[in-house]
Amino acid sequence: MSEKWIETRVVENRHWTEALFSLRLEGAKLSFQAGQFVRLALDVEGERVARPFSFVNPPGDPMLEFYGIVVPQGPLSPRLEKLRPGDALYVATNPAGFLVVSELPDAETLWLVSTGTGIAPFLSILRTEAPWQRFRNVVLVHAVRHSRELVYRELIEQVKRERHELTYVSFVSREAAESSLAGRIPAAIRDGRLERAAGLALGAAGSQVMLCGNPEMLTDVTAALAERGMRKHRRRAPGHISVESFW
Ligand SMILES: Cc1cc2nc3c(=O)[nH]c(=O)nc-3n(C[C@H](O)[C@H](O)[C@H](O)COP(=O)(O)OP(=O)(O)OC[C@H]3O[C@@H](n4cnc5c(N)ncnc54)[C@H](O)[C@@H]3O)c2cc1C
Ligand SMILES: NC(=O)c1ccc[n+]([C@@H]2O[C@H](COP(=O)([O-])OP(=O)(O)OC[C@H]3O[C@@H](n4cnc5c(N)ncnc54)[C@H](OP(=O)(O)O)[C@@H]3O)[C@@H](O)[C@H]2O)c1
C-alpha cells in the first residue's frame with residue numbers, strides 16, 4: 001500500500017546549537033498517542049526521502065513539533081535543519097509506535113530515560129495526563145555529550161512547576177558540568193548514582209522504564225537493569241523495560 005502524505009509548512013525552525021533544531025509545523029490533523037512517531041519527508045532530486053520523527057507536542061496541539069540533529073552525511077536531516085518559515089514538507093498520515101504509557105503495567109515510578117534527541121517522545125508524554133494519573137513519581141533522565149545539548153529546559157521547568165512529581169536528572173559525558181551527572185547512564189545505574197540523584201529506588205518491584213535514543217545505550221541500560229531483575233516488557237509477558245531505538 002502506498003504511503004499517504006499531507007503537505008504542511010514550517011512555522012518556525014529553532015536552532016539550539018549548530019546541529020540541533022526544533023521544527024514547528026502548521027498543524028496537520030493527525031490522530032496519535034504521546035510517545036509515537038510519524039514519517040517526515042522532503043522531495044530530493046525527484047525522490048521522496050522520508051524518516052520517522054517522534055512528536056514533541058502532545059496530541060491535540062494546534063502545531064506539530066519535532067526535535068532533530070544534523071547527521072552530516074544523512075540524506076534528510078541536513079535538509080530539515082535548513083528549512084525556513086513558509087517552506088513546505090510532507091507528514092505521513094499514519095503515526096505509529098509502542099512507546100506509549102497505555103502499553104505499560106502499573107508501577108510506583110515511571111523512569112523516562114533518553115540520550116540525545118531521544119528526549120523527544122518524553123516531552124510529549126510529560127504534557128499528557130496519563131503519566132501523572134498512573135504513577136506516583138515520574139523521572140526524566142536526559143544524557144548528552146555537552147551541556148549546551150540539554151535542550152527544552154524551559155519546558156521541563158514548566159512541567160516541574162505544574163507537576164511536582166517530576167524529577168529531572170541530566171548527564172553530560174564529554175565535559176565537566178555543574179548540576180549534571182558525569183559519564184553514562186548504565187554506570188550510574190550500577191553504582192547507585194542515578195537513584196541517589198533522583199531520590200528514588202529503581203528496581204523490578206516498583207519501576208517501569210521507558211528508553212529512547214542511541215541503540216547502544218538501549219542495550220547497555222537494559223543489561224544494567226537486568227542485573228536488578230528487570231526485563232523487557234511485552235504484552236504477553238509483562239516486564240519493566242520498554243524501548244524505542246532511533247537507528
Ligand atoms: C521510531 C524512530 C523515531 C525517530 N525519532 C527521531 C527524532 O525525534 N529526532 C531525530 O533527530 N531523529 C529521530 N529518528 C531518526 C531519524 O529517523 C533519522 O534517522 C535522522 O533524522 C537522520 O536522518 P538522515 O536521513 O539524515 O540519516 P540516516 O540515513 O537516517 O541516518 C544515518 C545515521 O545517523 C545516525 N543517527 C540517526 N538518527 C540519529 C539521531 N537522532 N541522533 C544521533 N544520531 C543519529 C545513525 O548512526 C544512523 O545510522 C527516529 C528514528 C526512528 C526509527
Ligand atoms: N553536524 C554536526 O555538527 C554534528 C554535531 C554533533 C553530532 N552530530 C551527529 O549526531 C550524532 C551524535 O548524536 P548525539 O550527540 O545524540 O550522540 P550520542 O552518541 O547518542 O550521545 C548522546 C549521549 O549518549 C551517550 N551514550 C552513547 N553510547 C552510549 C551507551 N552505549 N550507553 C550509554 N550511553 C551512551 C553518550 O555518551 P559518550 O559521550 O560517552 O559517548 C552521550 O552522553 C553524530 O554521530 C553525528 O552524526 C552532528
Side-chain angles (χ1 to χ4, degrees), residues 13-25 32-45 47-57 64-83 89-92 94-100 113-125 141-152 169-177 180-191 193-194 209-225 242-247:
N13 193 351
R14 173 174 183 175
H15 288 74
W16 304 87
T17 69
E18 67 285 356
L20 298 175
F21 60 94
S22 290
L23 277 172
R24 302 186 84 199
L25 310 178
F32 69 95
Q33 288 186 61
Q36 289 191 310
F37 59 85
V38 70
R39 278 152 67 81
L40 301 183
L42 290 172
D43 288 340
V44 180
E45 289 157 18
E47 266 190 48
R48 189 148 297 181
V49 179
R51 292 286 184 273
F53 276 78
S54 300
F55 293 94
V56 167
N57 59 292
L64 301 182
E65 184 164 343
F66 301 95
Y67 172 50
I69 187 165
V70 176
V71 177
Q73 308 309 323
L76 189 66
S77 58
R79 291 180 165 88
L80 292 178
E81 184 272 329
K82 289 191 184 67
L83 292 176
L89 84 167
Y90 298 95
V91 181
N94 56 344
F98 294 100
L99 194 76
V100 293
V113 177
S114 60
T115 52
T117 52
I119 193 173
F122 300 145
L123 296 169
S124 180
I125 286 172
V141 179
H142 191 203
V144 297
R145 295 177 178 187
H146 304 284
S147 51
R148 65 205 178 100
E149 295 155 2
L150 290 172
V151 296
Y152 285 103
V169 180
S170 59
F171 284 75
V172 173
S173 54
R174 300 198 184 184
E175 65 187 2
S180 293
L181 298 181
R184 288 182 168 188
I185 300 165
I189 292 173
R190 289 195 171 94
D191 66 17
R193 276 183 303 138
L194 178 57
V209 183
M210 298 174 108
L211 302 176
C212 188
N214 184 319
E216 288 168 17
M217 177 278 282
L218 306 183
T219 304
D220 292 352
V221 169
T222 300
L225 295 176
S242 306
V243 304
E244 183 166 270
S245 180
F246 269 10
W247 66 92

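Every number for a ligand or one of its atoms is a count from 1 in the order of the listing.
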[atom]: which protein heavy atom is closest, and how many Å away?
atom	answer
atom 3 (O) of ligand 2	Ala19 CB, 3.8 Å
atom 25 (C) of ligand 2	Thr115 CG2, 4.0 Å
atom 16 (O) of ligand 2	Gly116 CA, 3.5 Å
atom 41 (N) of ligand 1	Thr117 OG1, 2.7 Å
atom 9 (C) of ligand 2	Val70 O, 3.3 Å
atom 35 (C) of ligand 1	Val71 CG2, 3.9 Å
atom 47 (O) of ligand 2	Pro72 CD, 3.5 Å
atom 33 (C) of ligand 2	Pro186 CD, 3.4 Å
atom 27 (O) of ligand 1	Gly74 CA, 3.4 Å
atom 26 (O) of ligand 1	Ser77 OG, 2.7 Å
atom 11 (C) of ligand 2	Ile69 CD1, 4.2 Å
atom 23 (C) of ligand 2	Ala143 O, 3.5 Å
atom 8 (O) of ligand 1	Ser54 N, 3.0 Å

Applying a heavy-atom cut-off of 4.0 Å, say which part of [X] lies close to ligand 1: side chain, backbone, both or neither.
X	value
Phe37	side chain
Trp247	side chain
Glu244	side chain

Backbone or side chain, does any N or O of [X] fall under 3.5 Å from an N or O of ligand 2?
X	result
Ser173	yes
Val144	yes
Thr117	no
Asn214	yes

Whether Pro75 lies under 4.0 Å from ligand 1, heavy atom =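 For ligand 1, residue contact (heavy atoms, under 4.0 Å) with Pro75 is present.
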ask   = For ligand 1, is Pro121 a contact, meaning one of its heavy atoms is under 4.0 Å away?
value =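 Per 4.0 Å heavy-atom rule, Pro121 does not contact ligand 1.
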Nearest option to [atom], as decided by whichever heavy atom of [options] sits closest:
atom	options	value
atom 50 (C) of ligand 1	Ala50, Pro215, Pro52	Pro52
atom 21 (O) of ligand 1	Phe246, Phe53, Phe98, Phe66	Phe53
atom 23 (O) of ligand 1	Arg39, Arg51, Glu81	Arg51
atom 45 (O) of ligand 2	Arg174, Glu18, Gln73, Arg145	Arg145

task = Take the angle between the ring planes of Tyr152 and Tyr67 and call it parallel below 30°, perpendicular above 60°, tilted in between.
result = perpendicular
request  = Taking only heavy atoms of Val71 into account, list the atoms of ligand 2 that are under 4.0 Å away from them.
outcome  = 47 (O)
Flag the pair [X] / [Y] as yes when at least one side-chain heavy-atom distance between them is below 4.5 Å, and no otherwise.
X	Y	answer
Val91	Val38	yes
Leu123	Phe55	no
Phe53	Pro121	no
Val44	Pro75	no
Val172	Ser147	yes
Arg51	Ser77	no
Phe66	Leu80	no

request  = Let me see the working for Asn57 and Phe32 under side-chain contact (heavy atoms from CB on, under 4.5 Å), right down to the final yes or no.
outcome  = CA-CA 11 Å; Asn57 59 292; Phe32 69 95; 3.7 Å; yes
In terms of atom number and element, which parts of ligand 1 are under 4.0 angstrom from non-hydrogen atoms of [X]?
X	value
Gly68	11 (O)
Pro78	26 (O)
Tyr67	7 (C), 8 (O), 9 (N), 10 (C), 11 (O)
Ile69	11 (O), 40 (C), 41 (N), 42 (N), 43 (C)

query = Is atom 31 (O) of ligand 1 less than 4.0 angstrom from at least one protein heavy atom?
reply = no
Would a distance-only check, ignoring hydrogens and angles, find a side-chain to backbone donor-acceptor pair under 3.5 Å from [X] to [Y]?
X	Y	answer
Ser114	Val141	yes
Ser173	Gly183	no
Thr219	Pro215	yes

Under 4.0 Å from ligand 2, counting heavy atoms only, is it the side chain of [X], its backbone, both or neither?
X	value
Val221	neither
Met217	both
Arg184	side chain

request  = Can you see which heavy atom on Glu81 is nearest to which on Asn13, and at what distance?
outcome  = O-ND2, 3.0 Å
task = Identify the heavy atoms of Val70 and Pro72 that sit nearest to each other, and give their distance.
result =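 What the structure gives for the nearest pair is O-CD, 3.5 Å.
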Check: Ser245 N/O within less than 3.5 Å of ligand 1 N/O =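 Ser245 vs ligand 1: no N/O contact under 3.5 Å.
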inquiry  = Side chains of Gln36 and Ser54: any donor to acceptor distance under 3.5 Å?
reply    =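 Ser54 vs Gln36: no donor-acceptor pair found between side chains.
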ask   = Is it true that the side chains of His142 and Glu149 contain a donor and an acceptor less than 3.5 Å apart?
value =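 No - no donor-acceptor pair under 3.5 Å links their side chains.
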inquiry  = Ser242 vs Phe98, test: side-chain contact (heavy atoms from CB on, under 4.5 Å). Steps then yes/no.
reply    = CA-CA 8 Å; Ser242 306; Phe98 294 100; over 6 Å; no
query = So, is the end of the Arg184 side chain (NZ or CZ) under 6.0 Å from the ring centre of Phe171 and within 45° of the ring's axis?
reply = no
query = Do Arg148 and Glu18 sit within salt-bridge range, that is, some charged N less than 4.0 Å from a carboxylate O?
reply = yes
ask   = Is the number of heavy atoms from other residues, nucleotides or ligands under 6.0 Å of Arg193 CZ greater than 12?
value =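 Enclosed.
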Glu175 atom CD: more than 12 heavy-atom contacts under 6.0 Å =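 Yes.
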ask   = What do you reckon, does Gly213 put a non-hydrogen atom under 4.0 Å from ligand 2?
value =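 It does not; every heavy atom stays at 4.0 Å or beyond.
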